[in-house]
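As the structure is a computational prediction, the values presented were derived from the model and not from experiment. Within every chain, numbering begins at 1; the chains are lettered A, B, ... in the order of the sequence lines, protein sequences first and strands thereafter.
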Amino acid sequence: MRIVANYKHYKELNEEVVQAIKNGAAQLTLEDVNGQRFIADCLKGKLKIDIYGTPGNDLGMFMDGPTVTVFGNAQDGVGNTMSSGKIIIHGDGRDIVGHSMRGGKIFVRGDVGYRVGIHMKTYKSNVPIIVAGGRAGDFLGEYMAGGIIIILGMHNTAKKTEILGDWVATGQHGGAIYVRGEVDDSKLGNGAAQFPMTADDEMTVKKVLTEYCRVFGLGLDSVFETDFTKIAPVSHRPYAALYTCE
Amino acid sequence: MYSSVPEFRVLIDKQRCRLCKRCIENCSFGALEWRGDKVKAFDDRCVACLRCVSMCPEDAITLRRTPSDVSAHPVWTENARRDVFTQSRTGAILLASTGNELHESIIFDHLLLDACQVTNPAIDPLREPIELRTYIGRKPRSVEFEAIGDSIKLKTELSPALRLDIPIMIAQMSYGAISLEAHEALARAAVMRGTTMGSGEGGLHKNLYPYSDHIIVQVASGRFGVHPAYLEAGAAVEIKIGQGAKPGIGGHLPGTKITDEISEARMIPIGADAISPAPHHDIYSIEDLAQLVNSLKEATRYKKPVLVKIAAVHNVAAISSGICRAGADAIVIDGFRAGTGATPKVIRDNVGIPIELAIAVVDQRLREEGIRRETSLIASGTIRNSGDVAKAIALGADAVKIGTAALIALGCTVCKRCYTGKCAWGIATQDPKLRSRLDPADGAQRVSNLLLAWSIELKEILGAAGINSIESLRGNRDRLRGYGLDHTTLEILGVQHAGS
Ligand code: SF4
Ligand code: SF4
């Protein structure tokens, strides 16, 4: 089913989407999207939503299941507190992509902004995954409690040379960040450190990137021309000694 | 070097003690041990939780405060010395539980309620109906009706509201900070009395879903356990920005407390610290707050009110105005004496402002800006009895929330050791053995009794003032007088001094 967003208020657009799903639509194409917020907010189940234009903030927030593809750039808060499903962005994502995300995948072809993957969590088999083909801004993976972030630094649309911003993984206490290429220790915040890539890490990265490359039609070999660096927490209980518990 | 003087002495009457060892089994703080032929007490470990005292079948145990007198000093009080001593040993932040222990003067205690004499009649609540029903949410400016055939229909679209039978709600306390049994008892009490309780920020255990019509689900900075089913289950959604016992700082539930079931409710791994960041990282402005409010309204398809909770801080009036404009259906303000399971002591005792002043300035500000009806005002942090409830409402609150009072009804003795996770009464603990001491059905009945008792008293207070509905007390500061309060305080409260 096709819905033209144009200058509709987000309330109107999202209500149309909800009604269409209620009436049995499992595939939706939203055209002419002009910054409407909260698209696919809290939607559940095996839906497929294609978006042409630029969706507004909090795309796919609380989402649990659907696959959302954006043929363009997205704004802040993509996949905020998302439970499961997939968000594919053919352009750039902006700040706090995957904030507190606890499952599902977010694949961004280009750059992502500040505080990406902040406070992502793992729960049992739910391991949230974020992959960005370009560079990431400051505070990547801050407070990260679980999940996987991969930054490739390949389709770097902002044309900045550095793949990572500053204060990477400050307060990290779970999960792992994989960066294609070398990372200077000065980039890391408190609580995180570089660790050697194990065979398990290699396998995880390969598995995720095989899917990522398939989605965007990229050659897997060129991705692996450069080695990956792993950033992980020093402790799962970083603040254990901070308090007097007596 | 001296090691600080124990706060309490546990005295066991040898004449009475029949060596049953029940006290030893019951002391979760390890203060009592069996020594061959007698119970030995380790005073320095005793927190005065009173468990042994109430469990001893022979009434053989007595607690005494500060057995060794320390030389008195008006500045270097025993507590001040104890804290310095502890920190010189540990080099760490002092944790504390329950509410502010400094600032003994409570404004509520200096406010007096009015009653009718001669010129207008009092109402007898035993014979005449007095309405306590309270709606939490945005009220329309006006209502329009339309006639369809013979029937009359409301034309105005109303915002979703919480319908409460009493203006007293149970506060947000997380599963994790308190036990599942305590959580369940509070939820059941809320159902019994037609009010709500709060999930706290730790998600909702599956056993609590049957009561979710009476549960306000919380969304805090850690976003623990927040998923579609959780949001859809709640009677309302509450965004927690801050709490009175720890304004401006986040929270850490230590990994040692993340048991299997807590991990399931919070949706995080067993044993890892549950860290709530100080701010929400998608909220750096009122506009961002509006975005989270709206995303939650979208998520719940505009069927549920969205509340925003903040701590009462210096700028509370301006912030509340912003929150109201951000679309919150209710603002929850937590005063500086509010309780908690764990907070740095220095924050608990020194940050924020009294709830009485906060209610008055927020109500006043929203009225002046003509937006008071756009949002409800809920006050919490030291509501100890129905008098406090009435005074909070007369100052301008729509309803109040109670936390510590509800826990005391469950059996809490205010030993102030919630952060240890060893609560001897099965409340602030995850230890299965300790948890089994609290029966949810019994606990629910006691909390329900408390709420019932306060409701009856509220009706007495209203009746005495000649008011037949709690609506008419709301913001009716003319029915309050201050006693022994200074001019500035009275001015901020908008209350006259007694006698004037
Ligand atoms: S901690 Fe409680 S149970 Fe233990 S000795 Fe003290 S009062 Fe008794
Ligand atoms: S809840 Fe338990 S640990 Fe906390 S103050 Fe009350 S009795 Fe003590």
Side-chain angles (χ1 to χ4, degrees), chain A residues 10-11 14-15 18 37-45 56-58 61-65 76-77 80-84 95-96 99-103 114-115 118-124 126 139 142-146 171-175 233 235-246, chain B residues 44-45 47 83 86-87 89-96 219 221-232 250 252 254-256 258 263-264 266-277 280-282 284 288 291-292 294-302 342 344-345 417 419-421:
Chain A
Y10 68 75
K11 245 168 137 171
N14 293 333
E15 184 57 29
V18 168
R37 292 179 172 182
F38 317 124
I39 295 175
D41 184 358
C42 216
L43 292 187
K44 298 177 292 267
N57 292 355
D58 287 338
M61 187 164 187
F62 307 121
M63 192 176 85
D64 196 3
D76 295 345
N80 190 344
T81 323
M82 159 175 162
S83 282
S84 75
D95 298 350
I96 57 163
H99 175 312
S100 289
M101 179 185 178
R102 74 166 62 79
Y114 293 116
R115 296 204 147 89
I118 183 165
H119 215 293
M120 273 167 90
K121 309 171 183 69
T122 302
Y123 175 62
K124 294 198 172 156
N126 296 347
F139 303 106
E142 192 178 21
Y143 288 111
M144 192 172 172
Q172 185 183 18
H173 52 291
S235 158
H236 293 280
R237 300 212 44 214
Y239 304 116
L242 198 58
Y243 300 106
T244 304
C245 290
E246 55 185 47
Chain B
D44 55 334
R45 298 179 206 155
V47 302
D83 287 352
T86 305
Q87 290 193 295
R89 188 158 46 78
T90 62
I93 295 173
L94 285 175
L95 274 185
V219 173
S221 65
R223 305 281 158 92
F224 298 114
V226 178
H227 51 79
Y230 172 80
L231 295 174
E232 281 156 18
H252 303 157
T256 47
I258 311 290
S263 116
E264 190 181 332
R266 296 203 173 211
M267 306 183 94
I268 47 167
I270 297 170
D273 280 357
I275 298 175
S276 290
H280 287 249
H281 280 294
D282 47 4
Y284 290 177
D288 289 348
Q291 188 173 307
L292 185 60
N294 288 326
S295 73
L296 289 166
K297 289 189 174 180
E298 277 279 325
T300 53
R301 302 311 305 152
Y302 301 91
K345 191 174 186 180
R417 290 303 190 288
Y419 61 83
T420 62

Open item on the list: I'd like to verify something: which residue of A:Leu43, A:Asp64, A:Asp58 has the highest number of heavy-atom pairs under 4.5 Å with chain B?
Closed with: A:Asp58

Open item on the list: A side-chain contact here means heavy atoms from C-beta on lying under 4.5 Å apart; do A:Ser235 and A:His173 qualify?
Closed with: no

- [ ] Measure B:Thr300 against the heavy atoms of chain A and call it side chain, backbone, both or neither at under 4.5 Å.
- [x] neither

TODO: Go through the atoms of B:Glu232 and report whether side chain, backbone, both or neither lie under 4.5 Å from a heavy atom of chain A.
DONE: side chain

Open item on the list: For B:Phe224, which atoms come within 4.5 Å of any heavy atom of chain A: side chain, backbone, both, or neither?
Closed with: both

Open item on the list: Please classify the contact between A:Phe62 and chain B as side chain, backbone, both or neither, with a heavy-atom cut-off of under 4.5 Å.
Closed with: both

Open item on the list: More than 12 heavy atoms of other residues, nucleotides or ligands under 6.0 Å from OH of A:Tyr10: yes or no?
Closed with: yes

Task: Options A:Met82, A:Lys121, A:Arg37, ranked by heavy-atom pairs under 4.5 Å with chain B, top entry - done: A:Lys121

TODO: Using non-hydrogen atoms and a 4.5 Å limit, figure out which bit of A:Glu142 sits close to chain B: side chain, backbone, both or neither.
DONE: side chain

Task: B:His281 side chain near A:His119 side chain, heavy-atom distance below 4.5 Å - done: no

- [ ] Specify which of B:His227, B:Arg266, B:Arg301 makes the most heavy-atom pairs with chain A at under 4.5 Å.
- [x] B:Arg301

Open item on the list: Are A:Ile118 and B:Asp282 packed together at the side-chain level, in the sense that at least one heavy-atom pair is separated by less than 4.5 angstrom?
Closed with: no

Open item on the list: Using side-chain heavy atoms (C-beta onward) and a distance below 4.5 Å, is A:Phe38 in contact with B:Gln291?
Closed with: yes

Task: Heavy-atom check, side chain of B:Arg223 versus side chain of A:Asn80, under 4.5 Å - done: yes

TODO: Could you grab the distance from atom OG of A:Ser100 to atom CE of A:Met61, nearest 0.5 Å is fine?
DONE: 9.0 Å

- [ ] Output the option from B:Ile275, B:Leu292, B:Leu296 having the highest count of non-hydrogen pairs under 4.5 Å with chain A.
- [x] B:Ile275

